[in-house]
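Sequence lines set the chain letters: A, B, ... in the order given, protein chains first and strands last, and positions in each chain run from 1. The structure displayed is predicted, hence computed values, not measured ones.
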Amino acid sequence: MRLGASVSAAAVELERPRDPAHGDVATNLALTLAKSLTQKPRAVAERLVAALELPQGLVREIAVAGPGFINFFLAEEQFASVVAAVLAAGARYGRSDAGAGKPVNVEFVSANPTGPLHVGHGRQAALGDAIAALLEWTGWQVTREFYYNDGGVQIVNLARSVQARIQELRGRTVPLPEGGYHGEYIREIGERYLARHLEDPEGADLEAVRRFAVRELREEQDRDLQALGVTFDVYFLESSLYASSKVEKTLRQLVAAGHTYEKDGAVWLKTTDFGDDKDRVMRKRAEKGGDYTYFLPDVAYHVDKWERGFSRAINVQGADHHSTVTRVRIGLQALDMGIPTAYPEYVLHQMVTVMKGGEEMKISKRAGSYLTVRELVDEVGRDAVRYFFLMRRGDSHLVFDVDLAKSQTEENPVFYVQMAHARMSGIFRVASRAPDAVVPQGADVGMLHQPEELELMKELAEFPAMVAGAAQALEPHRLTGYLEGLARITHAWYHKYRVLGEPEETARLVLAAAVRRVLGNGLGLLGISAPDRM
RNA sequence: GCGCCAGUAGCUCAGCUGGAUAGAGCGUCGGCCUCCGGAGCCGAAGGUCGUGGGUUCGAAUCCCGCCUGGCGCACCA
């Protein structure tokens, strides 16, 4: 083409217009070229269209519209072909390989073993697991990792809290330590400790109490995660960083790199050299116990991730911990090890408010001051919990409507999407056919011309790009939004047309199988069941 | 005071990395309906995208100021 400007293929942006009247694919190429050509965008568009050579049978119509968009209307056969593609790929439809098998570490939940998981952890568990799954779907080799801060003062507080409850059980009233844990579960741990440690009837052995309490709570958290259906590949203990001297080694390296100093008996890292607003203490002065602040083991931990070969690491955290982001990154920079400045990546999520009967649910019987994940799962079920935690952007506060999550109506988005899947399955049940065994051969999908049918095909075609986009942006909520949209068209189609006993039966069965497949793949990716009947 | 996040329909929220007339669900209003599978279907009204500037062919989206709300600003994690 001679236009007086050079255009590389990569610079040509194609998009799917919102408005169907603007075609199936559109490009703004003429608008971006107009300036350098000093011509009107529409004129440029006309020349582009005139010069365009496209393969036969691909496009039905090309139009120049609006300020200078070029809109392409695809031939209907193009839509029909996607149905065959879905069925051929089956459970793999939607997968791609942008990650090329490279390793990525996704760290999430990472709760201290000091109590049951609360609803904020639940959001994080759903989010982290979905992000991990999205990365797997786009070709990354994912490790799901849980980091236990089992080394700090809060663990000592936990042990002392249990000791205090043990004293109470022995008939003595002892005040809880400052910063202690108040939940009913602390007393339960005390009871179990007494039952199993007959050699220590007073709970005098603080170290034994600590070990027991941590193990009990880790098991409890495991049960919480099981209730959500979330599993991890690696449980990383902060204490192991001390055992392997990696914390000390990191400190030595930071000192050697010249970004530290001593003041008031404490060791500081000059984080201000890297843009922080004040320097941070790495080792407390002797009067404060002389041990490390959380910050140094955090840095050591990420060095460890890097050295384990994770050139990419993603941390899912509550936004209340966002101040750690810059500090951990600065710590890694100060080591001068060639770790990228944006390592690790962070996905921060806002708080969760749980509403029931128009009132906020805050208090848990067992945990005391906060509502636990398990209580929520018991109340509304795993699928609804996962879906509701995923259907909003992490950046926005999440209002969890328990009544809606429990409702068996189409107002409930989980129910709505699952129902679409169940309806597609129902057709096959009535037809006594196995939906997975349906093959496109012999079915003329091209005979389906109803607007809902073409819309369904377009939507099915979008799925892989949508998954890829959600994975790249680390935004699972795009997938829930997509599924609701697909379910909407599915319901509309289902209500308006019959499948069985119609002349289009064979073709529609193939379409139904493809729709069912994509709904199932999407739900499965998010860890939500896709029932065949409800 | 400083930093991060948010502010879009009455409510809950999308808006695909700067595109065309800003969308969905619920709620409201007006009509249908009982069908492979359930309170289902169709349509309508409803917006100064917090606010004031700026950048450009074009801004909810990018930049600056301000307002409101949330979360942080420890020798706690």
Query raised in the report: For A:Arg423 and B:rG38, is the shortest distance between a side-chain N/O and OP1 or OP2 below 4.0 Å?
Result: yes
Query raised in the report: When we call it a touch if two heavy atoms are under 4.0 Å apart, what does A:Ala34 touch: a base, just sugar-phosphate, or nothing?
Result: nothing
Report summary line: Quick note, A:Arg488 side chain, CB onward, closest among B:rA74, B:rC57, B:rG25 is B:rG25
Query - Syn/anti state for B:rU51 [syn: chi within 90° of 0] - result: anti
Requested in this report: Decide yes or no, distance alone: a donor-acceptor N/O pair under 3.5 angstrom between the base of B:rA20 and the side-chain of A:Asn71.
Outcome: yes
Query raised in the report: Is the closest side-chain heavy-atom distance between A:Ile131 and A:Pro476 below 4.5 Å?
Result: yes
Report task. Would you indicate, yes or no, if B:rA14 has its OP1 or OP2 atom less than 4.0 angstrom from a side-chain nitrogen or oxygen of A:Ser396? Result -> yes
Query raised in the report: Do A:Arg392 side-chain and B:rC13 base share a donor-acceptor contact under 3.5 Å?
Result: no
Report summary line: Of the listed B:rG19, B:rA77, B:rC5, the closest approach to the A:Gln350 side chain comes from B:rC5
Report task. Between B:rA9 and B:rG53, how far apart are the C1' atoms? Round to whole Å, please. Result -> 27 Å
Report summary line: Winner on side-chain proximity to A:Ala492, out of B:rA14, B:rC42, B:rC75, is B:rC42
Report task. Would you mind classifying the nucleic acid contact of A:Arg393 as base, sugar-phosphate or nothing, using non-hydrogen atoms under 4.0 angstrom? Result -> sugar-phosphate
Query raised in the report: Any sub-3.5 Å donor-acceptor pair from A:Tyr93's side-chain atoms to A:Leu460's backbone N or O?
Result: yes
Query - Atom-to-atom span, CE of A:Met419 to C1' of B:rG25 - whole angstrom - result: 18 Å
Requested in this report: Please check the phosphate of B:rC73 (OP1 and OP2 only) for any side-chain N or O of A:His322 closer than 4.0 Å.
Outcome: no
Query raised in the report: Parallel under 30°, tilted from 30 to 60°, perpendicular over 60°: which one fits the rings of A:Phe463 and A:Tyr482?
Result: tilted
Query raised in the report: OP1, OP2 of B:rA74 versus side-chain N and O of A:Lys278: anything below 4.0 Å?
Result: yes
Report summary line: RNA chain B in dot-bracket form (Watson-Crick or G-U pairs under 3.5 Å, [ ] crossing, | inter-strand) is (((((((..((((.....[...)))).(((((.......))))).....(((((..]....))))))))))))....
